[in-house]
Amino acid sequence: MLCLGIETSCDETAVALCDDGRPVLEKLASQAGLHAVYGGVVPELASREHLRRMGPLLQALWAESGRTMADVDAVAVARGPGLLGSLLVGLAAAKGLCLGAGKPLIGVDHLHAHLMAATLGHAVAYPALGLLVSGGHTQIVSLASPLEMTVLGRTIDDAAGEAFDKAAKSLNLPYPGGVYIDVLGRGIAPDRSLFPRPYLDNEHLDFSFSGLKTAVATYVAANPGLRVAAMPESGGPIDPESWPMDLRVVCASINFAIADTLRVKLERALTTASRRPASLLAAGGVAANGPIRAMLAELAVRRRLPLFLPEPALCADNATMVAATGCLLGRAGLTHDLTLAPIPRGRKVPWDYQAGAPLGRGSVDSRSLPQ
Ligand code: KG4
Ligand code: ZN
């Protein structure tokens, strides 16, 4: 089954093709540079940029893949949660393509797609425990199968990515700042008592990162010399050796506080699970973080669990994960009609698929046949 995936939830415009879950090609335009100076995504600018980029990205996808809409079995689109104006651009493009070519439409939960990115190319055993850490979400989920996801814990305020980005903003580092905190802290021993590991003194699996965000802002306000004098250009190379050591210790300590908070809740989820998970998955932009990846690897070995982590490029928002999830849903015969609505941030994406015949069955890609 060949699925076209479309992603416009936040500030990445992306289109991709997956063939039965195998990535074929992705074309992605990041808007990070556009929003860098604002310290966060400006929704109005984001939707306009999605609209400007979508057409040329699709043209490039068809030209470089040699495929056309005629080859596609379904169009999958991230329907939320995300920025409403941004999602509308992706949904309108997907519906137009479906209408024009007479293809089925599949709305995909952006968070489900992130987790499915971790499973790409792997035979994952279920039930799996999943950690989703992105700019807008921090969740621990249980997956009984690739299509059955239950949220066990979530952030009650800011996401881990928000804590990284606001910490970076306090230090006058550009948005999105997670990668700066990650790279500048590399190879440096953290001061483990510098920042709180928030919201651990309870029994549940929820998170709260707003206190950590404030703790970093308060520390930087008391130590203004830490603030970077001239904000570096977003997306440029980061040479950690050229940065002051006190700033690097702060970054290492932020990495530690967030990674260790995630570890404690994951340990709790593994200990309290009604059925022992057979695998551990992690995904979302923050799953690209070095100390978080190291923490997950150590936890998986200690708990004797196979760990599935996307490569860093597939941790961040992308359309390959949407197309791959579309393949799973389409194969299960789950689609939407053209009334599909976007779901804004903060609202749960409903499981409102229409069940029908499996898509793509019997379709043969002529290029895979012997010549
Ligand atoms: O999944 P994503 O691309 O978009 C959302 O769905 O939100 O995640 C973006 C978040 C941003 O907060 C960004 O700072 C963070 O992921 N991020 C990182 C790293 N790379 C991206 N955080 C920590 N370390 C990184 N290496
Ligand atoms: Zn995302």
Side-chain angles (χ1 to χ4, degrees), residues 5-14 26 28-33 35-36 38-41 43 46 77-83 86-87 90 108-118 130-139 154-155 158-171 173-186 209 212-213 216 234-235 238 240 251-259 261-262 282-296 309-322 325 343-346 349:
I6 299 183
E7 165 60 49
T8 60
S9 311
C10 190
D11 61 341
E12 255 88 37
T13 320
E26 165 133 18
L28 182 146
S30 173
Q31 307 176 5
H35 304 286
Y38 301 103
V41 176
V77 59
R79 68 176 300 199
L83 300 172
S86 291
L87 291 167
V108 170
D109 179 340
H110 176 83
L111 305 180
H112 184 203
H114 265 305
L115 285 162
M116 289 304 102
L131 173 70
L132 176 78
V133 271
S134 71
H137 296 86
T138 304
Q139 293 185 347
R154 56 164 61 81
T155 180
D158 297 331
E162 165 88 4
F164 272 116
D165 293 339
K166 288 299 174 324
K169 192 177 179 189
S170 308
L171 292 162
L173 292 166
Y175 172 86
V179 66
Y180 282 87
I181 307 280
D182 180 5
V183 174
L184 295 183
R186 274 198 199 153
F209 285 104
L212 176 61
K213 190 172 84 173
V216 175
S234 171
I238 312 168
C251 291
S253 307
I254 296 168
N255 284 325
F256 168 76
I258 295 179
T261 302
L262 298 173
V286 176
N289 181 271
I292 291 175
R293 291 174 89 85
M295 173 279 287
L296 289 166
L309 266 175
E311 58 183 86
L314 287 179
C315 285
D317 287 350
N318 65 85
T320 296
M321 67 184 192
V322 178
T325 310
I343 305 294
R345 264 194 185 174
V349 176

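This one's a predicted model, so the numbers in the text were calculated from it and none came from an experiment. Just follow the structure's listing: the first ligand is 1, and inside any ligand the first atom is 1. We use all heavy atoms of the structure for the numbers below, so side chains are in, but hydrogens, waters and symmetry mates are not.
Here the NZ-CG distance, from Lys166 to Asp158, works out to 7.5 Å after rounding to the nearest 0.5 Å. In this structure, the separation between CD on Glu162 and NZ on Lys169 is 9.5 Å, given to the nearest 0.5 Å. In this structure, OG in Ser234 is found 12.0 Å from CD in Gln31, a value given to the nearest 0.5 Å. Taken from CG in Asn289 to SG in Cys315, the straight-line distance is 10.0 Å, to the nearest 0.5 Å. The structure places CG of Leu87 at 9.5 Å from CZ of Arg345, a figure rounded to the nearest 0.5 Å. Distance check, rounded to the nearest 0.5 Å: OH of Tyr180 to CD1 of Ile238 gives 5.0 Å.
In terms of protein heavy-atom proximity, atom 12 (O) of ligand 1 is closest to Asp165 OD2, 2.6 Å. Remark: minimum distance from atom 26 (N) of ligand 1 to any protein heavy atom is reached at Asp182 OD2, 2.9 Å. At the top of the distance list for atom 7 (O) of ligand 1, counting protein heavy atoms only, stands Gly135 N, 2.8 Å. Among protein heavy atoms, the minimum distance from atom 20 (N) of ligand 1 is reached at Gly285 O, 3.5 Å. The shortest contact between atom 15 (C) of ligand 1 and any protein heavy atom is with Val286 CG2, 3.8 Å. Distance from atom 22 (N) of ligand 1 to its nearest protein heavy atom, with residue and atom name: Gly178 CA, 3.4 Å. At the top of the distance list for atom 6 (O) of ligand 1, counting protein heavy atoms only, stands Asp317 OD1, 3.1 Å.
For the Zn ion (ligand 2), protein N, O or S atoms closer than 2.8 Å were enumerated as His110 NE2, His114 NE2, Asp317 OD1, with waters left out.
Heavy atoms of Asn289 found under 4.0 angstrom from ligand 1 belong to the backbone as well as the side chain.
A salt bridge between Asp182 and Arg186 is present, with a side-chain N of the basic residue lying under 4.0 Å from a carboxylate O of the acidic one.
The shortest N/O to N/O separation between Gly161 and ligand 1 falls below 3.5 Å. Ligand 1 has no N or O atom lying under 3.5 Å from any N or O atom of Phe164, backbone or side chain. Considering both main-chain and side-chain atoms, His110 comes within under 3.5 Å of ligand 1 through a nitrogen or oxygen pair.
Close approach to Val179 involves these atoms of ligand 1, each under 4.0 Å from a residue heavy atom: 19 (C), 25 (C), 26 (N). Listed by number with element, the atoms of ligand 1 under 4.0 angstrom from any heavy atom of Ala316 are 3 (O). Here is the list of ligand 1 atoms found below 4.0 Å of a heavy atom in Ser134: 1 (O), 5 (C), 6 (O), 7 (O), 8 (O). Those atoms of ligand 1 that come under 4.0 Å of a heavy atom in His114, given as number and element, are 1 (O), 6 (O). Against a heavy-atom cut-off of under 4.0 Å, Ala288 is close to the following atoms of ligand 1: 26 (N). Counting the atoms of ligand 1 from 1 in the order shown, those under 4.0 Å from a heavy atom of Pro176 are 13 (C), 14 (O).
One N or O on the side chain of Glu26 and one on the backbone of Thr320 form a donor-acceptor pair closer than 3.5 Å. For the pair Thr138 (side chain) and Val133 (backbone), a donor-acceptor distance under 3.5 Å is absent.
The shortest heavy-atom distance from His137 to ligand 1 is not under 4.0 Å. Under a 4.0 Å heavy-atom criterion, Gly136 is in contact with ligand 1.
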Does the side-chain hydrogen bond (donor to acceptor under 3.5 Å, both in side chains) test come out yes or no for His110 and Ser9, once each step is laid out? CA-CA 8 Å; His110 176 83; Ser9 311; 3.1 Å; yes

Any chance you could lay out the side-chain contact (heavy atoms from CB on, under 4.5 Å) test for Ile258 and Ile292, step after step, and finish with the verdict? CA-CA 8 Å; Ile258 295 179; Ile292 291 175; 4.2 Å; yes

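Around atom CZ of Arg154, no more than 12 heavy atoms belonging to other residues, nucleotides or ligands sit under 6.0 Å away.
The salt bridge (charged side-chain N to carboxylate O under 4.0 Å, His left out) test applied to Asp317 returns no partner, not counting sequence neighbours.
None of Met116, His114, His112 except one satisfies the side chain to side chain contact (heavy atoms under 4.5 Å, CB included) rule with Met321; the exception is His114.
Contact between Gly178 and Asp165 at its shortest, heavy atoms only, is N-OD1, 3.4 Å.
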